[in-house]
A.B. asks: 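Here you go, one structure.
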Amino acid sequence: MGKGGRAAVAIQPNKKELTVKDAELPKYTWSEVKKHHTPQDAWVVHQNKVYDVSDWYEHPGGAVIFTHAGDDMTDIFAAFHATGSMKTMKPFLKGELIPESVEHKDERQREFEQGYRDLRVQLIKMGMFQSSKLFYLYKCVSNLAILTCAICMVFLSESTVVHIASAMLLGLFWQQCGWLAHDFLHHQVFQNRVYGDMAGLFWGNLMQGFSVAWWKNKHNGHHAVTNLHSTSAESQDGDPDIDTMPLLAWSLRHAQSLRELEKDGKDTAVTRFLIKYQAFTYFPILLLARISWLRESFKAALGIGAASENAKEEFKRKGLSYPIAEPLLLLAFHAWNFALCCKFGQWSLAYSAMYYFTAACFSGLLLALVFGLGHNGMPTYDAERRPDFWKLQVTTTRNITGGHGIPQWFVDWFCGGLQYQVEHHLFPTMPRHNLAKCHELVDSFCKKWGVTYHAADMVDGNREVVQHLASVSHDFITELIKEFPAM
């Protein structure tokens with residue numbers, strides 16, 4: 001079992017002593033690399049170099065490093081990291097990969113991978129990763145205007161209808177806060193990543209009650225291994241965004257994944273019920289999404305729990321990047337939110353609860369609708385048989401277009417850049433205002449290489465999601481009857 005991560009951290013002051021000539025590096029086959037796929041025994045490949053990052057929870061980006069344990073991280077590393085970041089990896093260098101041992105890559109595949117790496121270079125030269133500060137100033141000011149309107153509607157009116165409209169406007173404000181925090185924390189706006197984090201703390205913790213640390217752990221993992229099922233229970237190479245069992249299952253394997261936790265190897269009655277009716281419970285579940293995320297954020301920021309074993313170990317070993325600001329700003333959010341939802345104590349408990357849950361549930365629906373359209377109902381893969389970076393991101397992702405009477409300008413505003421979900425997943429640090437132009441180049445590249453590229457409007461997209469859930473339910477029940485006919 002490798003101990004590269006801890007060993008490298010321990011000897012980092014003497015990094016130069018670890019540098020060896022390439023000729024002296026041990027050679028490893030792809031099959032050998034694949035054996036090291038757990039956080040405790042993690043090897044990763046970058047540009048045919050093998051690195052042992054075992055147990056390296058202190059990685060600046062956290063436990064996301066383990067999503068590519070036993071795999072090639074070349075392209076996801078380029079997508080997320082600033083220039084020069086590979087210097088940090090020098091202490092972890094273990095050897096070289098034997099390129100010929102990667103049997104699943106033929107010459108055309110290698111040319112394809114070089115092609116999308118060249119496209120990234122082209123986009124950098126075009127200035128597509130440079131942000132417009134005026135655009136983001138406009139987005140911040142206009143979003144605060146939505147909050148201002150919601151507050152005025154509470155304090156300047158006694159009408160219940162107006163108050164319900166105010167709650168829905170507050171929910172919309174939180175949804176738009178999500179897109180702003182998303183952009184800042186993906187470092188689309190500032191080259192100095194501390195500035196991005198500060199803006200993320202404002203729009204995330206203070207304005208909408210979502211912990212930056214919780215979000216980064218979950219969202220970065222999602223980007224790295226989109227729609228992947230984990231290799232094993234010990235691995236951390238599965239997408240946390242589809243870790244939704246037993247409420248929702250996105251494939252037959254996913255629906256059956258809890259059996260290994262049961263002594264009799266069978267699904268519980270609760271699991272069978274939920275999967276059977278998931279096409280009907282999908283939208284009601286989305287209504288509660290924000291409340292669940294608030295709970296997980298509160299636990300993460302105050303150090304009283306974590307949403308996953310991955311997050312638990314990361315927070316325990318690495319801690320919060322902003323241990324004072326995170327909890328204080330989160331508590332400040334709940335304070336102003338409480339004051340608004342009860343109109344500084346002027347409303348009854350029941351009326352205050354009505355206002356709060358209207359805002360929270362409406363916001364959860366608006367957020368999750370966009371998230372859901374992005375990936376739900378699209379192909380899922382087993383982590384050990386994942387395609388290359390480009391094909392993974394493109395085939396698991398759905399772009400959102402105007403249609404069914406919904407104009408494109410509204411989709412562009414409402415989705416906050418995630419209407420170009422494919423382009424965002426390929427280039428997560430690209431500012432949203434450049435994604436439309438990037439889309440033209442990506443679309444052309446996909447057509448040239450015959451890669452599936454999918455887009456749907458908001459009506460057809462949601463129909464696809466529900467139909468997919470119904471299909472998984474049908475397959476699950478069918479297999480259940482075949483395996484346990486006496487039930």
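Positions are given from 1 along the sequence. Because the structure is predicted, anything quoted here is derived from the model rather than measured.
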A.B. asks: Any side-chain to backbone donor/acceptor pair from H375 onto T396? Under 3.5 Å, distance only.
C.D. replies: yes
A.B. asks: Listed by chain and number, what are the side-chain contact (heavy atoms from CB on, under 4.5 Å) partners of M378, not counting sequence neighbours?
C.D. replies: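 Once residues adjacent in sequence are excluded, the partners of M378 under the side-chain contact (heavy atoms from CB on, under 4.5 Å) criterion are N227, R398, H454.
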A.B. asks: Walk me through it: do L441 and M126 pass the test side-chain contact (heavy atoms from CB on, under 4.5 Å)?
C.D. replies: CA-CA 12 Å; L441 296 173; M126 292 171 63; 3.9 Å; yes
A.B. asks: Knowing that exactly one of W215, F427, W179 qualifies, which makes a ring pair (Phe, Tyr, Trp, His ring centres under 6.0 Å) with H186?
C.D. replies: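 Only one option passes, and that is W215.
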A.B. asks: Once side-chain hydrogen bond (donor to acceptor under 3.5 Å, both in side chains) is applied, do any residues pair with D460, and if so which ones, sequence neighbours excluded?
C.D. replies: R463
A.B. asks: Walk me through whether M245 and H254 qualify under side-chain contact (heavy atoms from CB on, under 4.5 Å).
C.D. replies: CA-CA 8 Å; M245 280 291 288; H254 194 205; 3.5 Å; yes
A.B. asks: Within 45 degrees of the ring normal and closer than 6.0 Å to the centroid, is that where the cationic atom of K391 sits relative to F112?
C.D. replies: yes
A.B. asks: Once rounded to the nearest 0.5 Å, what's the spacing between atom NE2 of H424 and atom SG of C438?
C.D. replies: 11.5 Å
A.B. asks: Please indicate whether Q114 has more than 12 foreign heavy atoms, meaning atoms of other residues, nucleotides or ligands, lying under 6.0 Å from its CD.
C.D. replies: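 Yes, CD of Q114 has more than 12 neighbouring heavy atoms, counting only those of other groups under 6.0 Å.
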A.B. asks: Taking atom types as modelled, find out whether N48 and E96 have a side-chain donor-acceptor pair closer than 3.5 angstrom.
C.D. replies: no
A.B. asks: Evaluate the ring planes of H104 and W30, with Trp represented by its six-membered ring, and classify them as parallel (under 30°), tilted (30 to 60°) or perpendicular (over 60°).
C.D. replies: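 The rings of H104 and W30 sit tilted, inter-plane angle from 30° to 60°.
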A.B. asks: Please check if any side-chain donor atom of T74 sits under 3.5 Å from a side-chain acceptor atom of D72, or the reverse.
C.D. replies: yes
A.B. asks: Run the side-chain contact (heavy atoms from CB on, under 4.5 Å) test on V212 and W214 for me, step by step, so that the C-alpha distance in whole Å, both residues' side-chain angles and the decisive distance to 0.1 Å come before the verdict.
C.D. replies: CA-CA 6 Å; V212 163; W214 163 81; over 6 Å; no
A.B. asks: Scan residues 194-206 for pairs that pass salt bridge (Lys or Arg N to Asp or Glu O under 4.0 Å), counting only residues two or more places apart or in two chains.
C.D. replies: D197-K216
A.B. asks: Is the backbone N or O of E464 less than 3.5 Å from a side-chain atom of H468, with the two atoms forming a donor-acceptor pair by type?
C.D. replies: no
A.B. asks: Not counting sequence neighbours, which residues clear salt bridge (Lys or Arg N to Asp or Glu O under 4.0 Å) with D457? List them please.
C.D. replies: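 Residues passing salt bridge (Lys or Arg N to Asp or Glu O under 4.0 Å) with D457: none at all.
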A.B. asks: Just distance, no hydrogens or angles: give the donor-acceptor pairs under 3.5 Å from side chains in residues 444-451, sequence neighbours left out.
C.D. replies:
| from | atom 1 | to | atom 2 | distance (Å) |
| --- | --- | --- | --- | --- |
| K447 | NZ | D443 | OD2 | 3.3 |

A.B. asks: Please list, chain by chain and in numerical order, all residues satisfying side-chain hydrogen bond (donor to acceptor under 3.5 Å, both in side chains) with K34, sequence neighbours excluded.
C.D. replies: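 For K34, the residues satisfying side-chain hydrogen bond (donor to acceptor under 3.5 Å, both in side chains) (neighbours in sequence not counted) are D71.
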A.B. asks: Can you list every pair that meets salt bridge (Lys or Arg N to Asp or Glu O under 4.0 Å) and has a residue in residues 128-142, with sequence neighbours left out?
C.D. replies: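 Salt bridge (Lys or Arg N to Asp or Glu O under 4.0 Å) check on residues 128-142 returns no pairs.
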A.B. asks: Taking salt bridge (Lys or Arg N to Asp or Glu O under 4.0 Å) as the cut-off, I'd like each qualifying pair that reaches into residues 282-294, sequence neighbours left out, listed once.
C.D. replies: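 Qualifying pairs, neighbours excluded: none.
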A.B. asks: Using a distance-only test with no angle check, is there a side-chain donor-acceptor pair under 3.5 angstrom linking T429 and Q188?
C.D. replies: no
A.B. asks: Is it the case that the ring center of F80 lies less than 6.0 angstrom away from the ring center of H223?
C.D. replies: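 For H223 and F80, the ring centres are under 6.0 Å apart.
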A.B. asks: What pairs of residues pass the salt bridge (Lys or Arg N to Asp or Glu O under 4.0 Å) test when at least one of them lies in residues 417-432, not counting sequence neighbours?
C.D. replies: D183-R432
A.B. asks: Can a donor-acceptor pair be found between the side chains of H439 and Y453 at a distance below 3.5 Å?
C.D. replies: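 Short answer, yes.
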A.B. asks: Please enumerate all residues that pass side-chain hydrogen bond (donor to acceptor under 3.5 Å, both in side chains) together with D412, with sequence neighbours excluded.
C.D. replies: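 Applying side-chain hydrogen bond (donor to acceptor under 3.5 Å, both in side chains) to D412 gives Q408, Q419.
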A.B. asks: Just jot down the side-chain hydrogen bond (donor to acceptor under 3.5 Å, both in side chains) partners of R385, sequence neighbours excluded, or say none.
C.D. replies: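 In terms of side-chain hydrogen bond (donor to acceptor under 3.5 Å, both in side chains), with neighbours along the sequence ignored, R385 is linked to D382.
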A.B. asks: Can you tell me if Y195 has over 12 outside heavy atoms packed within less than 6.0 Å of its OH?
C.D. replies: no
A.B. asks: Quick one: does any side-chain atom of S363 pair with a main-chain N or O of G171 as donor and acceptor, under 3.5 Å?
C.D. replies: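 Such a contact is found between S363 side chain and G171 backbone.
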A.B. asks: Please identify each residue that fulfils side-chain contact (heavy atoms from CB on, under 4.5 Å) with L328, with sequence neighbours left out.
C.D. replies: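 For L328, the residues satisfying side-chain contact (heavy atoms from CB on, under 4.5 Å) (neighbours in sequence not counted) are I324.
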A.B. asks: Under a 3.5 Å distance rule, please check whether D237 uses its side chain to pair with a backbone N or O of A383 as donor and acceptor.
C.D. replies: no
A.B. asks: Among side-chain atoms of Q40 and D55, is any donor-acceptor pair under 3.5 angstrom?
C.D. replies: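 No.
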A.B. asks: Supply the atom-to-atom distance C415 SG to M458 CE, rounded to the nearest 0.5 angstrom.
C.D. replies: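 One gets 5.0 Å once the value is rounded to the nearest 0.5 Å.
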A.B. asks: So, K105 and E113, do they make that salt bridge, N to O below 4.0 Å?
C.D. replies: yes
A.B. asks: Salt-bridge test for E32 and K35: reply yes if a basic N is under 4.0 Å from a carboxylate O, no otherwise.
C.D. replies: yes
A.B. asks: Hey, can you tell me if H59 and H81 have their rings parallel, tilted or perpendicular (30° and 60° cut-offs)?
C.D. replies: tilted
A.B. asks: Do you see a donor-acceptor pair shorter than 3.5 Å between the side chains of T395 and Y381?
C.D. replies: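 Per modelled atom types, T395 and Y381 side chains form a pair under 3.5 Å.
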